[in-house]
Amino acid sequence: MIRLAKENDLDELLELYLFLHEDKIPDESEHLKNTWNKIISSPEHNIIVCEIDGKIVSSCVCVIIPNLTRNVRPYAFIENVVTHKDYRNKGYASQCLEYAKEISKTENCYKIMLLTGSKNENTLNFYKKAGFNSDDKTAFIQWL
C-alpha cells in the first residue's frame with residue numbers, strides 16, 4: 001500500500017533511513033520531535049511510504065515549493081528515495097515515485113526535480129526508467 005506517512009511512522013522511517021546513508025538512528029530529543037512535527041504537519045512536505053504487511057519498506061520525500069516563475073506554478077523536489085534491502089527490485093520505490101508524481105500534478109507543479117548522491121549505474125538507470133533525466137539541468141551542492 002502506498003500512502004502518506006502518519007505521525008506514528010517516525011520510528012519505522014528512521015530505521016528505513018539506515019538503508020539510505022545514515023549509520024545510526026538519531027537519539028530521541030526535543031529537536032527530533034520538533035522537526036518531525038514540523039514535517040508531518042506541513043502541507044508542502046510529503047513523506048510517501050510503501051507499506052507491506054504492516055511494515056514500511058520503501059519511501060521518498062516530495063516537497064512542493066511555491067514559485068514566482070513559470071506562471072506562478074510550484075515545482076516539486078524529491079529526496080531520500082530508499083527501499084529496505086530485503087524488498088528491493090520489487091517496484092516499491094517506483095510506486096513511491098509515481099505517487100509523488102501524482103501529488104506534483106495535483107499541485108499544478110511544472111517540474112519535478114530529484115537529486116541522488118549515487119553514482120551506481122543501476123540506480124541512475126532506475127531514475128531514468130522512472131522518467132527523470134540528467135540532461136536538462138546541472139546540480140551543484142555546497143555542504144554546510
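Computed from a predicted model, the values in this text were never measured in an experiment. What's counted below: heavy atoms across the whole structure, side chains too, no hydrogens, waters or symmetry copies.
- The two residues Phe140 and Thr138 come nearest to each other via the heavy atoms CE1-CG2, 3.5 Å.
- In this structure, Tyr110 and Tyr75 have perpendicular ring planes: the angle between them is above 60°, well past the 30° mark.
- Distance CD/Glu28 to CG/Leu10: 8.0 Å, rounded to 0.5 Å.
- Listed here is the closest heavy atom pair of Tyr92 and Ile2: O-CD1, 4.4 Å.
- Remark: Ile48 CD1 to Glu98 CD distance equals 10.5 Å, nearest 0.5 Å.
- The distance from atom OG of Ser58 to atom CZ of Arg88, rounded to the nearest 0.5 Å, is 9.0 Å.
- Hydrophobic clustering (ILVMFWY, side-chain heavy atoms < 4.5 Å, transitive): Phe132 and Ile141 are in distinct clusters.
- Once rounded to the nearest 0.5 Å, the distance linking CZ of Phe77 with CD of Glu44 reads 15.5 Å.
- The closest side-chain heavy-atom distance from His45 to Ile47 is below 4.5 Å.
- Connection of Leu115 to Ile78 is not established within any shared hydrophobic cluster, with ILVMFWY side chains joined at heavy-atom distances below 4.5 Å, either directly or through further cluster members.
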Please tabulate, one pair per line, all N/O donor-acceptor pairs under 3.5 Å involving side-chain atoms of residues 14-26, not counting sequence neighbours.
none

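- The two residues Cys96 and Val49 make their nearest non-hydrogen contact at SG-C, 4.1 Å.
- Hydrophobic clustering, with ILVMFWY side chains joined whenever heavy atoms are under 4.5 angstrom apart, keeps Tyr127 apart from Met113.
- Side-chain contact between Lys6 and Ile40: absent, with no pair of heavy atoms (C-beta onward) separated by less than 4.5 Å.
- Hydrophobic cluster membership is shared by Leu32 and Ile56, with clusters built from Ile, Leu, Val, Met, Phe, Trp and Tyr side chains linked at under 4.5 angstrom.
- In this structure the side chain of Asp9 reaches within 4.5 angstrom of the side chain of Arg3, judged on heavy atoms.
- Closest approach of Met1 and Ile52 over heavy atoms only: N-CD1, 4.3 Å.
- Around NZ of Lys33, the count of heavy atoms belonging to other residues, nucleotides or ligands within 6.0 Å does not exceed 12.
- Taking the side chain as every heavy atom from C-beta outward, Thr116 and Phe126 never approach each other to under 4.5 Å.
- Counting only distance, with no hydrogens or angles, the side chain of Asn108 and the backbone of Arg73 share no donor-acceptor pair below 3.5 Å.
- Between Lys55 and His84, the closest side-chain pair of non-hydrogen atoms falls below 4.5 Å.
- Between the side chain of Ser42 and the backbone N or O of Lys38 there is no donor-acceptor pair closer than 3.5 Å.
- Going from atom CD of Gln95 over to atom OG1 of Thr83 covers 10.0 Å, rounded to the nearest 0.5 Å.
- Under a hydrophobic clustering in which Ile, Leu, Val, Met, Phe, Trp and Tyr are joined whenever their side-chain heavy atoms come within less than 4.5 Å, directly or via other members, Leu114 and Tyr99 fall into different clusters.
- Within a 6.0 Å radius of CG in Asn120, more than 12 heavy atoms belonging to other residues, nucleotides or ligands are found.
- Residues Leu4 and Ile103 are in side-chain contact: their nearest non-hydrogen atoms beyond the backbone lie under 4.5 Å apart.
- Distance check: Tyr87 OH to Cys50 SG gives 10.0 Å after rounding to the nearest 0.5 Å.
- Pairing each heavy atom of Ala5 with each of Trp36, the nearest pair is CB-CH2, 4.4 Å.
- Of all non-hydrogen atoms in Ser134 and Lys128, the two that sit nearest each other are OG-CE, 4.4 Å.
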